Amino acid sequence: MGWLHRLDRLIGQIVAAAQWLALPLVLLLFLQWPLRDIVRGYSREANDLGQIIFALFVAVSVTAATRAGTHLAADTLAQRYSMRTRRRLKQLGAALGILPWALFVLFAAKGIVVSSVLGLEAFADTNNPGYFIIKAALWLMAVVIIAQAAVDIFRPKPADDV
Amino acid sequence: MEWSGFALLILVGVGIISTGLPAAFVLIAVASLGAALGLATDTFPFSLLWALPGRLINLFDNDLLQALPLYVTMGLLLGRLPVADALYRTSNAILPKRASAPLVSGMFLGALLGPMNGSVGASVLGLSRVVAPRLNAEGVPAATRDAVIAVASTLGVLVPPSLVLILLSDAMLNAHTYAVTQTGRVDRVINTQDVFHSALVPAGIFLTLCMLLAWRAGRSQALSPVRERLTPQEGILAGFALFALLALLGGVATGYFYAVEAAAMGAFTLLSAGLISGRLHGAVLRELLHDAIAITGALFSLLIAATTFTLILRLLGTDRLVDNLVAGIPGGDVLATAVILGVIGLCAFVLDAFEIIFVIVPIVIPPLLVRVADARWVAVLVLLTLQSSFLLPPFGYALMMVRGAAKNPAPFRLFVRALIPFLLAQWMLLIVVLLVPKLVHIGENAAESTRAPAAPVSNEEINRRLREMVPPPPDIEPK
């Protein structure tokens, strides 16, 4: 299962890279107010750039939550299940819940994303470039979710899983 | 097929509790099942599912949602910097040397940091770390300690500009837009600022009640307080933090800057302070950013799952059914609103506040606002209900979190007993706001709540205004 390990590592690297986007996001959104009220310019540019960074950040964040186990869940009852049952449930959740949905999003968004990227769509309000990245972020989200679901489904069971 | 939407909702609740899987995954799985059901029974064509990517992209370019990572980052920074500790100790030093002082300081800290913390969970963890050990040291009984921490951690739900408030405002904006379009009313659609203003008075009342109850709880303990000396550095840090927090709150309340900007300012200030003071060095910063993206993802995945789920409910026609059911509730505005709040309260047994805002509010609030014109009033009542839901025994999220975070949790019965005065105060406030809608309109300019002009405008005036907006080119200007 070398491919699975490599895929898992690649997703980890994507998440590790994306987490740093929080810093420019905070900076750009902070700058909006002084740019608008003091400099009286470029606040829309800061907003648009912030929007692009936000889209990329949240696109990867869904998988980051899955890997870190921070999703909101009510597991009071499930805590009583055996490790094996919980692992099976997790695999089932990935296989029947999130994977088909992400595949559908990838497929259904093709027209919107491809035309936007090929046309290098700009922000409608400001005409600033880069709006196509926001639409492409939807694909990024779907691809990373699919990859993580594959890792979760095919991950070999631990030695103590009997 | 409209009724199948309710079956899907029940399935979501059962799925969340019985599988322990993330609520977002359960929502998506049940939505997929609903979609398959709808397609198999020809309730809607496959092409309508193509609306989903567009809806998801709307989430990516929603200005208000940028607040998510900002609040999460702020909450994490507050947990790693000594701000909370300094504020608590300063408040304790200022208050009279009574046994009640630490309890009131804990409540005060919850009110100050709650809005900045991002979530009730983050507030519970922060208060458990800062306040709980000190209350233990001063001999406060575990039940009183846990009750004060649980209540204080939910204050951020009501006190603007909290994340719950921002997300609810967005849901209310969509619901109100639907209602105004459906009815043709001339109401101005509610925005985040309106919800902030409307929540201020009820939040102030509840905060005052909580302080008084905390003071009373401490008095009945008859403790001898033990105090550590406050260092000048802590005093200065607390003073600066208090000034910054109040400036942000005031700036948002007066509309000087937007909620997202306020969150960005808070996050930027804390981040800069952490970097300059050397507390956020390499590994700590990496860990903080890792937690920030993971927690943001937890909230965002819930949002995309709810967007998918509510689309399927619409395609199944459940929204129209809910419209009819809400329209058919007998009685006036108060009864209809009370019934919907009851539904939200029931949902709180299995769903937490974010799930309710993303899944339940978009289904039940639009038809309610078709009936009830006062969107501000409804928004504040929903907020109060959500706050109640966090504290509702036995499964309230804040209660579970406090018991999970405490090293020596109080027996549950004693914990609930200590909580009862606060719960009664909260329910009393809910009933008072329900019966006295004016409470959310104090200081409101009536002309701002409508799009209709104050006086009829003549045709000449309309023409003059149009000419001002679009002056004719000079070469065709009449001579």
Side-chain angles (χ1 to χ4, degrees), chain A residues 15-16 18-23 25-33 37 47 50-51 54-55 57-79 81 86 89-90 92-94 96-98 100-101 104-105 108-109 112-113 131 134-135 137-138 141, chain B residues 16-26 28-32 49-50 52-54 56-57 59-61 63 65-66 68-70 73 256-258 260-261 263-265 267-269 271 286 289-302 304-305 308 350-352 354-355 395 400:
Chain A
V15 170
Q19 71 190 31
W20 291 93
L21 292 174
L23 294 178
L25 183 64
V26 169
L27 179 67
L28 283 165
L29 297 181
F30 161 72
L31 284 175
Q32 275 189 106
W33 169 67
D37 285 0
N47 183 268
Q51 200 71 62
F54 169 76
F57 183 79
V58 292
V60 180
S61 74
V62 177
T63 299
T66 306
R67 292 174 72 85
T70 53
H71 282 295
L72 296 177
D75 61 352
T76 316
L77 199 63
Q79 271 174 2
Y81 301 161
R86 296 188 74 176
L89 278 170
K90 194 178 170 189
L92 213 65
L96 298 180
I98 200 85
W101 174 86
F104 173 75
V105 170
I112 299 176
V113 174
Y131 187 74
I134 292 178
K135 289 192 172 169
L138 184 65
M141 180 182 78
Chain B
I16 288 174
I17 292 174
S18 64
T19 64
L21 286 173
F25 289 14
V26 174
I28 284 176
V30 174
S32 304
L49 290 175
W50 251 239
L52 182 62
L56 296 177
I57 288 171
L59 300 178
F60 283 180
D61 72 0
D63 279 340
L65 292 181
Q66 291 173 346
L68 277 180
L70 299 176
T73 308
Y256 194 63
F257 32 71
Y258 300 113
V260 174
E261 291 171 351
M265 281 177 216
F268 181 79
T269 309
L271 204 54
R286 249 197 313 278
L289 295 176
H290 174 265
D291 289 354
I293 195 170
I295 298 172
T296 303
L299 295 174
F300 195 77
S301 55
L302 201 55
I304 58 171
T308 308
V350 283
L351 304 176
D352 88 8
F354 291 117
E355 290 156 2
F395 297 121
M400 306 281 278

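Computed from a prediction, not measured in an experiment: that's the story for all the values here.
In plain terms, the two heavy atoms of B/Ala29 and A/Gly97 that are nearest each other are CB-CA, 3.8 Å. The heavy-atom pair separating B/Gln66 from A/Gly50 by the smallest distance is NE2-C, 4.0 Å. Counting all heavy atoms, side chain and backbone alike, B/Phe60 lies closest to A/Ile134 at CD1-O, 3.5 Å. Minimum interatomic distance between A/Ala68 and B/His290 (heavy atoms only, all atoms of both residues): CB-CE1, 4.1 Å. Nearest heavy atom pair, residue A/Leu25 against residue B/Pro69, reads CD2-CG, 3.5 Å. Closest approach of B/Ala264 and A/Leu29 over heavy atoms only: CB-C, 3.5 Å.
Contact annotation for A/Ala18: both backbone and side-chain heavy atoms come within less than 4.5 Å of a heavy atom of chain B. For chain B, the nearby parts of A/Asn47 are the backbone and the side chain; heavy atoms of each come within less than 4.5 Å. Only the side chain of B/Leu52 comes within contact range of chain A, with at least one heavy atom under 4.5 Å from a heavy atom of that chain.
The candidate with the highest count of non-hydrogen atom pairs below 4.5 Å against chain B, out of A/Gly69, A/Ala137, A/Ala94, A/Ala16, is A/Ala137. Contact count against chain B (heavy-atom pairs under 4.5 Å) is highest for A/Val26 among A/Leu77, A/Thr63, A/Val26. Counting heavy-atom pairs closer than 4.5 Å to chain A, the top-ranked of the candidates B/Ser18, B/Ala31, B/Ala263, B/Ala305 is B/Ser18. Of the listed residues (B/Ile293, B/Leu271, B/Thr19), the greatest number of heavy-atom pairs within a distance under 4.5 Å of chain A belongs to B/Ile293. Among B/Leu59, B/Val260, B/Val26, B/Leu49, the residue with the largest count of heavy-atom pairs under 4.5 Å with chain A is B/Leu49. Ranking B/Asp63, B/Ile16, B/Val30 against chain A, the residue ahead of the rest is B/Asp63, based on heavy-atom pairs under 4.5 Å. When B/Ala23, B/Gly297, B/Gly54 are compared by the number of non-hydrogen pairs under 4.5 Å with chain A, B/Gly297 comes out ahead. With chain A as partner, the option from B/Thr73, B/Leu302, B/Ile295, B/Thr308 having the largest number of non-hydrogen pairs under 4.5 angstrom is B/Thr308.
Judged purely by atom type and a 3.5 angstrom limit, A/Gln19 has no side-chain atom pairing as donor or acceptor with the backbone of B/Asp291. Between the side chain of A/Thr70 and the backbone N or O of B/Ala294, at least one donor-acceptor pair lies under 3.5 Å.
Within the model, atoms CZ of A/Phe30 and OG1 of B/Thr269 stand 6.5 Å from one another, a figure rounded to the nearest 0.5 Å. Note that OG1 of A/Thr66 and CZ of B/Phe25 are 4.0 Å apart. Values are rounded to the nearest 0.5 Å. In this structure, the separation between CG on B/Asp61 and OH on A/Tyr131 is 3.5 Å, given to the nearest 0.5 Å. Note that CG of B/Leu21 is 5.5 Å distant from CG of A/Leu89, once rounded to the nearest 0.5 Å. Taking OG1 from B/Thr296 and CG from A/Leu21, the interatomic distance works out to 11.5 Å, rounded to the nearest 0.5 Å. To the nearest 0.5 Å, the span separating CG on B/Leu68 from CZ on A/Phe57 amounts to 10.0 Å.
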Task: Step-by-step side-chain contact (heavy atoms from CB on, under 4.5 Å) determination, A/Trp20 to B/Arg286 - done: CA-CA 8 Å; A/Trp20 291 93; B/Arg286 249 197 313 278; 3.4 Å; yes

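The aromatic rings of A/Phe54 and B/Phe300 sit perpendicular, their planes meeting at an angle over 60°, well past the 30° parallel limit.
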